[in-house]
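To start, the structure itself, in structure tokens.
Both backbone and side-chain heavy atoms feed into the values below; hydrogens, waters and symmetry mates do not. Keep in mind that this is a model prediction, so the values were computed, not measured.
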Amino acid sequence: MSAFWLLVIILALAVLGFVLGRARALASVGGDRRKLHSLPSFYGYNVAMLALVPALLVLCLWVILQPIVIHASVAGAIPETHYESSGQLNLVMSDVARVAEGLDEMVRQNVMTREGIAALDADSTDLRAQLAQVGVALGGEVSPTILSAAQALRARSETGTLALTVVVLIIAAGGFLFALRSSTGDFRARNRVESGVKLLLIGAASLAILTTIGIVLSLVFNTINFFGMFPMTDFLFGTVWSPEGRGGSEHLGILPLLWGTLYISLVALLVAVPIGLFAAIYLAEYAGKTTRAVAKPLLEVLAGIPTIVYGLFALTVVGPMLVGVFGADGLGWMQGARSVMTAGLVMGIMLIPFVSSLSDDIINAVPQTMRDGSYGLGATQSETVRQVVLPAALPGIVGAVLLAASRAIGETMIVVMGAGAAARLDLNPFAAMTTVTAKIVSQLTGDSDFASPEALVAFALGMTLFILTLGLNVLALYIVRKYREQYE
Amino acid sequence: MQDIKITAKNVQVHYGDTHAIKDVSVDIQDNTVTAFIGPSGCGKSTFLRCLNRMNDTIDICRVDGDIRLDGEDIYDKRVDPVQLRAKVGMVFQKPNPFPKSIYDNIAYGPRIHGLARNKADLDEIVEKSLRRGAIWDEVKDRLHAPGTGLSGGQQQRLCIARAIATEPEVLLMDEPCSALDPIATAQVEELIDELRQNFSVVIVTHSMQQAARVSQKTAFFHLGNLVEYGETDRIFTNPTDPRTESYITGRIG
């Protein structure tokens with residue numbers, strides 16, 4: 001039985017449990033619901049929960065773990081003469097999986113019976129041709145080892161699935177019966193359902209946190225792996241970035257990339273911070289209610305534009321415009337449309353709503369009594385904004401700017417399209433440069449060997465970015481929180 | 001007979017559709033403490049805020065009628081509310097020191113109005129204001145500490161000192177002691193009495209004892225109307241209107 005039908009059965013059992021549990025609890029007090037400890041539906045939920053949740057958990061874990069366990073046991077059975085490295089073992093195992101898949105397909109299309117498959121012999125039949133008939137193409141002839149491994153894989157998978165069905169059904173039925181038996185008037189069903197809800201919420205929260213930890217761990221291990229092949233000091237302090245094909249690169253220095261990232265982010269912030277902040281001050285202090293109601297959502301639309309569209313805008317509009325002024329025909333500082341300036345300007349536009357929206361909220365949080373105090377002393381509106389409101393909102397605004405900065409550092413698409421691909425250390429803002437994110441993309445796309453330092457460097461780059469943006473976010477949150485305490 | 005500082009005639013205030021002040025006329029004398037009393041929502045704070053056009057900062061508020069400061073219509077188009085507020089200072093219900101140092105809080109007004117020629121001048125104004133605000137001795141050693149770090153009573157006296165520093169002619173106080181304990185209240189009341197030498201003070205208060213203690217004139221507001229206005233002693237001992245009598249004896253309010 002497939003996992004899907006199993007799921008349908010336990011769901012049906014849960015629904016049935018709800019109806020029966022409710023009915024049984026009511027019956028136990030002779031239909032007078034005032035004598036029940038909890039509302040009748042709590043008894044129903046209790047039975048449904050105990051029938052569904054444990055069985056579902058076992059089902060999920062089993063479905064995830066079974067292929068891993070079987071794969072490992074089959075791989076262990078393959079003689080060591082067939083492979084030299086773990087990479088080759090992986091290739092062999094993918095052949096095994098493919099053959100096993102083909103055999104399944106043959107059974108489904110009634111080309112062969114289960115018994116026939118168990119009796120298959122690689123020497124006597126042309127399995128490759130037969131598999132091709134059912135739509136599974138293989139790269140080479142099927143060797144006896146692979147065939148026997150595939151047969152073992154199939155047999156164990158079938159056994160495993162059968163065991164899964166039995167175990168899950170037993171657990172579901174057990175939970176169902178246990179909860180149903182306890183559904184009497186005195187039983188505190190509500191308390192159990194409430195703690196069940198709490199566990200569900202805890203589960204959701206921990207899943208999100210565990211995923212984050214998982215991502216960080218994978219970054220960490222791959223980075224350590226990379227530093228095993230490439231000296232850390234060359235990576236951190238190297239001023240040249242020139243990866244060469246597969247292996248043997250000598251120059252994988254992060255400095256040019258880091259410089260590009262920081263330079264472009266700086267230009268972006270120089271654009272976004274003043275414009276965003278002034279827009280926020282206008283919206284919060286000067287604009288009327290109707291203007292604000294229209295202008296604020298419009299400004300926030302900017303945040304909803306996909307970054308690839310900004311990239312297009314950089315490449316086709318801003319770049320050529322800048323070339324017209326600073327290019328060969330004009331001042332002669334600019335070689336092509338892609339430059340730090342192009343990417344920085346467009347990224348700045350992208351960041352405006354981040355700065356303005358957050359700053360606007362923070363300026364609005366400054367108490368009105370503060371403004372009254374200033375107006376009451378005869379200050380004008382701009383004096384009040386400059387000398388009272390902004391100083392009061394400053395920590396929050398700094399937080400907003402830092403959040404925008406971490407967005408800028410992590411931005412990829414605009415940079416790939418607007419800044420070019422040349423890793424260089426240059427002060428000219430009209431030169432093409434590249435960033436950490438853009439290089440992660442180029443190191444991992446295309447035909448690359450995942451075990452080479454050229455590919456693994458992407459993880460080290462990713463780790464650097466992660467530490468950088470994490471640091472900025474923590475700093476921003478710390479500042480914002482410190483500010484909040486002042487008025488609450 | 002003392003000089004009349006502010007004359008208000010037939011003042012009406014609307015908040016959107018609500019008629020908050022109904023046809024109020026009152027003369028406020030110079031060098032006098034005038035108290036506005038009345039139950040919550042009677043319009044006394046609203047009327048106070050008309051006197052320095054603080055209601056301008058509220059969009060839906062509309063003020064009609066005639067209010068004159070030294071004979072000059074303050075709602076005239078030619079009058080700049082910013083200059084008016086320099087002449088008519090205000091202290092609010094809740095202490096609202098700016099997030100700056102104590103020194104900068106006091107120096108704020110003189111700086112924006114250009115009252116000091118140099119640093120020494122400014123230092124002098126700050127010290128004088130803090131002394132008149134009866135808080136100099138407590139803060140003289142920490143003038144550059146943040147004003148928000150003071151206690152509630154100190155903060156309120158700082159705000160009063162801040163208002164005095166711009167040399168206003170009239171000082172409006174909107175329940176200045178409602179957030180203070182009795183000791184700080186006593187200090188502020190003593191201060192108000194001293195301020196009478198130089199300013200005309202208008203104070204809104206919920207405490208009848210306070211009105212009786214600090215003021216020479218009292219106005220009783222009820223439901224947007226000015227019910228009775230006169231010498232404080234007379235209002236509290238021999239009110240003419242039955243509503244005033246009910247309020248000061250605690251039967252309504």
If I measure from the heavy atoms of chain A, does [X] come under 4.5 Å with its side chain, its backbone, both, or neither?
X	answer
B:P95	neither
B:V88	backbone
B:Y108	side chain
B:K87	neither

With A:D372, which of B:R49, B:M90, B:K94 fulfils side-chain contact (heavy atoms from CB on, under 4.5 Å)? B:R49
For the CG atom of B:N96 and the CD atom of A:Q368, what is their distance to the nearest 0.5 Å? 10.5 Å
For atom [atom1] of [X], decide whether the heavy atoms of other residues, nucleotides or ligands shown that lie under 6.0 angstrom number more than 12.
X	atom1	answer
A:F278	CZ	no
A:K289	NZ	no
B:E190	CD	no

Write out, in numerical order, the residues from residues 377-389 of chain A with a heavy atom short of 4.5 Å from a heavy atom in chain B. A:L377, A:G378, A:A379, A:T380, A:E383, A:T384, A:Q387, A:V388
Out of B:I112, B:V91, B:D80, B:L84, return the one with the most heavy atom pairs under 4.5 angstrom to chain A. B:I112
Taking every non-hydrogen atom, the tightest pair across A:M370 and B:P99: CE-CD, 3.8 Å
